[in-house]
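All remarks here apply to the structure that follows.
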Amino acid sequence: MDLQLKNIGHQYGDLDVVRGIDLDIPRGKIICIVGPSGCGKSTLLRLIGGLERPIEGQVLQVGTPPADSINPLTFVFQDFALLPWRTVEGNISLVLEDHGLSGKEMEAVISDVLARTNLSDFRKALPKQLSGGMKQRVAIARALAVRPAVMLMDEPLSALDSQTRELLIDDLVTLWTREPFTAVYVTHNLNEAVRLGHSIVVLSRRPGEIREIVNIELPLADRTLGNHQLEEHQKRLWQIMREEALAADQELIDD
Amino acid sequence: MDLQLKNIGHQYGDLDVVRGIDLDIPRGKIICIVGPSGCGKSTLLRLIGGLERPIEGQVLQVGTPPADSINPLTFVFQDFALLPWRTVEGNISLVLEDHGLSGKEMEAVISDVLARTNLSDFRKALPKQLSGGMKQRVAIARALAVRPAVMLMDEPLSALDSQTRELLIDDLVTLWTREPFTAVYVTHNLNEAVRLGHSIVVLSRRPGEIREIVNIELPLADRTLGNHQLEEHQKRLWQIMREEALAADQELIDD
Amino acid sequence: MTEPAERQKLVDFRGGGFVPRSNRWIGLLIFVAILIAVEIGTRTGFITSLTLPIPSDVFATFVELWRSGLLWKHLVPSITRLIVGALFGVSIGITVGILIGLFSIVRAGLAPVIAAIFPIPKIALLPLFVIWFGIDEGSKYALIAFGTFTPTVVATYGAVDNVDRSLIRMGQSFSLTWLSIVRKIVLPGAMPGILSGLRISLAIAIILLVAAEMLGAEYGIGAYILEAGSLYDLERLFVGVAILSILGVTVSAAINWVESRLLNWRV
Amino acid sequence: MTEPAERQKLVDFRGGGFVPRSNRWIGLLIFVAILIAVEIGTRTGFITSLTLPIPSDVFATFVELWRSGLLWKHLVPSITRLIVGALFGVSIGITVGILIGLFSIVRAGLAPVIAAIFPIPKIALLPLFVIWFGIDEGSKYALIAFGTFTPTVVATYGAVDNVDRSLIRMGQSFSLTWLSIVRKIVLPGAMPGILSGLRISLAIAIILLVAAEMLGAEYGIGAYILEAGSLYDLERLFVGVAILSILGVTVSAAINWVESRLLNWRV
Amino acid sequence: AADTKINVGALRFTSHAASFVAMERGYFKDEGLDVSFKFFQAAQPMAVAVASRDVDYAVTAISGGLISLAEKGATKVIGGALLEEAGIDGQKILVSDAAFKAGVTSPAGLDGKTWAVTQAGSSFHYMGSKIAAKENAKLSFKPLQKVGAIIGAMKSGQVDAWSIVPHIAKPLDKGGAVHIIGNVADYIPNYQVTVVFTSADNATNQRANSQAFLRAFSRGAADFNAALVDKTLGEAAAEDMVKLVHKYVYVDRPYEKAAPSIRNGAMRISTGAALHSSSIKDQLNWFKSEKLIKQEISYDTLVDSSYVEQK
Ligand SMILES: Nc1ncnc2c1ncn2[C@@H]1O[C@H](COP(=O)(O)OP(=O)(O)OP(=O)(O)O)[C@@H](O)[C@H]1O
Ligand SMILES: Nc1ncnc2c1ncn2[C@@H]1O[C@H](COP(=O)(O)OP(=O)(O)OP(=O)(O)O)[C@@H](O)[C@H]1O
Ligand SMILES: [Mg+2]
Ligand SMILES: [Mg+2]
């Protein structure tokens, strides 16, 4: 299943947030969306995932999702969005409970995703006992549990410290290499974008329009820290964005 | 005025946080401290700044601070620590009010630091109207206002998005180049460390001990994004730290 | 344009909801609807005159009270008692609350005492208030002050506890004096909590008006209600209750206004 | 070792403080100290017998009450009333509060009504409670239920409003049903707020015991206090007040316990 | 009508003894009534409870509330109970120690003093007014709601004067903090202090029950009067009566402490539950003159005079 965005535009009251977005999200690829803060990246992702209805344009699902997909469009949020009163296991079973799985199937799914994210030892832990990195791995495990056709990731690593982020980028690359998934990955971190994106969509500052789409051919597994080609891409992206970012940062927030 | 740390050790109850730290902080240099999360970086900084008393060892002030220094050891915090009920101006005057400056002197200091941090237009704004980057620039302006002998910065940029961080690193480099200041700069971001540090102290995971001190000779102004020499330093630091970071991230937090 | 082989559909919408908003007009409508229903019920005898008065009679009684000038004669002493009593209770309460919030010794000594006197019903102590404070205005002020004191203390020290410690550490790191930290950081930081505590204390003060005016009060809304109750005069009873209710809504609106002024720095 | 030219000194300490801790022992000590002071004061006549009873006499009266078996005769009906009344008030209050929290229409209709009935003193309505609910246990349950209802509603809908919307969006993004979201996200998320609201409602319930037992109650702590008050029997009055106070502390401890069990997930 | 279940409202005062005697000595049973008592802390809720049909019969002073309820067609007075009678120990006029020392040693000195009442329109208010009228004095009335609050205020000299039943008055006088300066009976002769009342429905539709109640009540009253008021039956019978009453009044005090209070509290209860209509009319007029009740209320609105002798 692919996704197609057709001339998406959205406003909150008088505030024009995104405008005229046309984008294809092909199967098995990671699309990164970067842009200055407040340019409507999160809004765009919510529109794609059906959490909000676009005022203009359409988000189309092309083809049908795989039959075994429980929740075709699945989010991974920046703030993890774990229920603090449920254990790691309980947080994963939460998203399976409404879909009529038997206890055994559920158990199998949980064990599988916990193993894939190296969390098997922390099954009974409460979120408050986990470090940020572990929490986000639980959120990723939960997303994997519903076998998504497309993962919608809203700055999944930006609440983490940079060392943990480094570790999780490796995890994501490993996951993708083992079994490629489709993802829309919103970030404001250009390093993350060049490490994870098959193509990188640069948005202008608000109202967000597509400034440029950069494709990177290098296989994900080869994109190591300090790779020169990636550095060049990152530098180029920064040049595109610098002014927009500066302007966005200097804006007064009115209530 | 220099600072000298002599065999510093500290515990919270039974928890050994840092141990046997010996360190010199020379005038006019920026010392970066990096280490896995929870290794005691913030604790060490609080010990240096006199916000906490070390249980073992001594923090010594060598020489006297400049006569015009209002608050020799001055912190810049990760969460900005601005009073939300005071304007930009009010937040700066706060730290001057207890020191018997005349209204005119105060006014002059405020105008000066706001100009140096490009905030002159936002003098009357409340913190809630500012973006994260601007808030941190206000905090830096406030720190500059008391003419510190040493600036103690605890992950000053890690609450910001990476574009804003990029912009603020440039600001700090410009500030230092124009008028070198002494600073202890705690971060978990190796990129920041290699961009700003004259020497970089790597701590082990808790209890924090000094693993290595890396000196970088390249002048701050030349340390641009994508500089190859810096990449090498960063890669090397990451190799030292990777395992420690992994272990620190996998620890269960007990209350 | 699109590949004919593949089925296309719009992505399902599944967000929205869970953001209830209040709407003044509907609220007013419901009030009016209830009044009309009661009016019809009492007039037709479906609701007996023992159970509820006829709303229009209540209104007529109110107009009469107002015309006769007695409304002010009752309202002025009550409001005076409210203001004086609440002023004492709230100011002492805030002071004690801040002391409890700042000093371990005070907290250890007073917090349990406060917790123990909170559930004591003030009306149970009426006979003692007579001895302690007399039957004139003194005992009325004291009763209202006592009733507002405990919730104010609890709210205040809770608010002080909730002041962001990192702001306090910031103050210390700039070598601010202890007094400066308390005045410029702790107090303004505790203000939102204190104001929302005030909402409860002042509601309690209004409730206690009736208890306070049990003691030798000739005029006052509470005395008016008590007399109407003892004469089983439902019209006047409901006029009194409605006045208290309006008083409560007014006080709450006043706090809203103060909050919007004083706490405009909140996000 | 160090350069002799430069003066060395330790960095000044300027942190610490602003973290008051409570200490049970000091609290107990203060209680005892107050008691001893009053005992001495009343025995020497420095405090007249009109003002305060002698603490040891109060204690003796309590022991007598206990020995005669009357303590339980008073305590059991009161606690029954508390439990039944509070159960009604709290459960209806939580239900209404959640409805107000979830549905705009309910909020628009009920929130202002609740705000208007909050400041109505329950004792003013005593005569009506007799008509509405009779003089038996019904009116006592109703009074306590009514008194706990309003604060519970306000606390509950505040708590529902405060449930992290991002968790709700998460639930929606996994296509959970509306009921699942309410049951598994909204309710547990509102629990801390509801429990802390309960602290206030139950304190109010205890306070209302006295008002409730004004109505045809033979036995009950409130009735005991009222009778002692009407005879100006200070020893018994204080025994009754102390019992209520202990009741309040117990209820608060019980809520602490429930919180520590139910909310152990909190950071 | 064998074993008709009825509820009787009562306060735990000696003045309610007639009902207690009728209960203990089986007079209610003889009339085929199965009585259970409902006890109250104050008279006013008892009147409301009769209106709401929770209680069938009760005894209380004529208050504004009772009249209002009668005016709403909810209650009716059907008989008389406590009576002030010259020569019998009745309600006392009290002054605080301070007032006494200032020279108020008889009711003649009450001019300009404060008089404690529970509420406007209470019997205390009525008595104060009548006494003031007789003595040509001006009193200011202080509503204090609760008898306990009044006692506190009297003891601490914050109000000057009050009137109250003898079993409360005498111990207070003995304690020295207040002083008895006169008898209410001297000012309001044949004062019908309390009355028997029931719901309007009982009065009109349950005549048999109401008459049965009044008969049993009267027998109890007669026993009580003979034993403790007229004292014609000797000490043993008096002690028996005190013991009977002690089952209901001052239950948590030992008998020795309770007995004097019960004896002190003995006042005449109307023979045959007769009503002193002149006293009731006087009270009604007083309420009207104080604007506490509607002017159009008549004696017949309040009283169903078909039950007992109207004196
Ligand atoms: N529910 C909403 N109602 C009104 N305005 C909104 C809403 N959500 C977002 N906005 C506004 O829309 C603009 C874009 O918001 P959005 O969160 O999509 O930006 P973003 O690119 O994700 O920013 P960031 O990098 O800070 O996450 C912002 O100005 C924001 O204030
Ligand atoms: N006041 C305190 N009381 C008890 N334990 C504390 C206190 N402050 C910090 N700790 C503990 O000391 C350890 C070191 O804390 P510190 O904040 O210095 O680490 P850090 O290196 O700054 O970590 P991070 O990278 O997360 O900021 C942690 O385990 C922390 O839980
Ligand atoms: Mg966003
Ligand atoms: Mg830290």
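Every chain is numbered from 1, with letters handed out A, B, ... down the list of sequences. Heavy-atom basis, side chains included; hydrogens, waters and symmetry copies ignored.
Using a 4.5 Å cut-off between heavy atoms, A/Ser158 makes no contact with chain B at all. At a 4.5 Å heavy-atom cutoff, the contact between A/Ala245 and chain B is made by backbone and side-chain atoms alike. At a 4.5 Å heavy-atom cutoff, A/Leu119 makes no contact with chain B through either its backbone or its side chain. For chain A, the nearby part of B/Leu190 is the backbone; its heavy atoms alone come within less than 4.5 Å. A/Asp170 touches chain B through its side chain: at least one heavy atom from C-beta onward sits under 4.5 Å away, while N, CA, C and O do not.
The shortest distance between side-chain heavy atoms of B/Arg137 and A/Gln250 falls below 4.5 Å. For the pair B/Leu167 and A/Arg242, the minimum side-chain heavy-atom distance is below 4.5 Å. Side-chain atoms of A/His228 and B/His228, non-hydrogen and from C-beta on, do get closer than 4.5 Å to each other.
Between chain A and the residues B/Glu166, B/Glu232, B/Gln234, the largest count of heavy-atom pairs under 4.5 Å involves B/Glu166. Counting heavy-atom pairs closer than 4.5 Å to chain B, the top residue among A/Leu252, A/Asp249, A/Asn189 is A/Asp249.
Of the possible polar contacts, one joining the B/Gln163 side chain to the A/Gly35 backbone as a donor-acceptor pair under 3.5 Å is found.
Partner of B/Ser162 under the side chain to side chain donor-acceptor pair (under 3.5 Å) criterion, chosen from A/Glu192, A/His188, A/Glu155: A/His188.
Atom CD of A/Glu107 has more than 12 heavy atoms from other residues, nucleotides or ligands within 6.0 Å.
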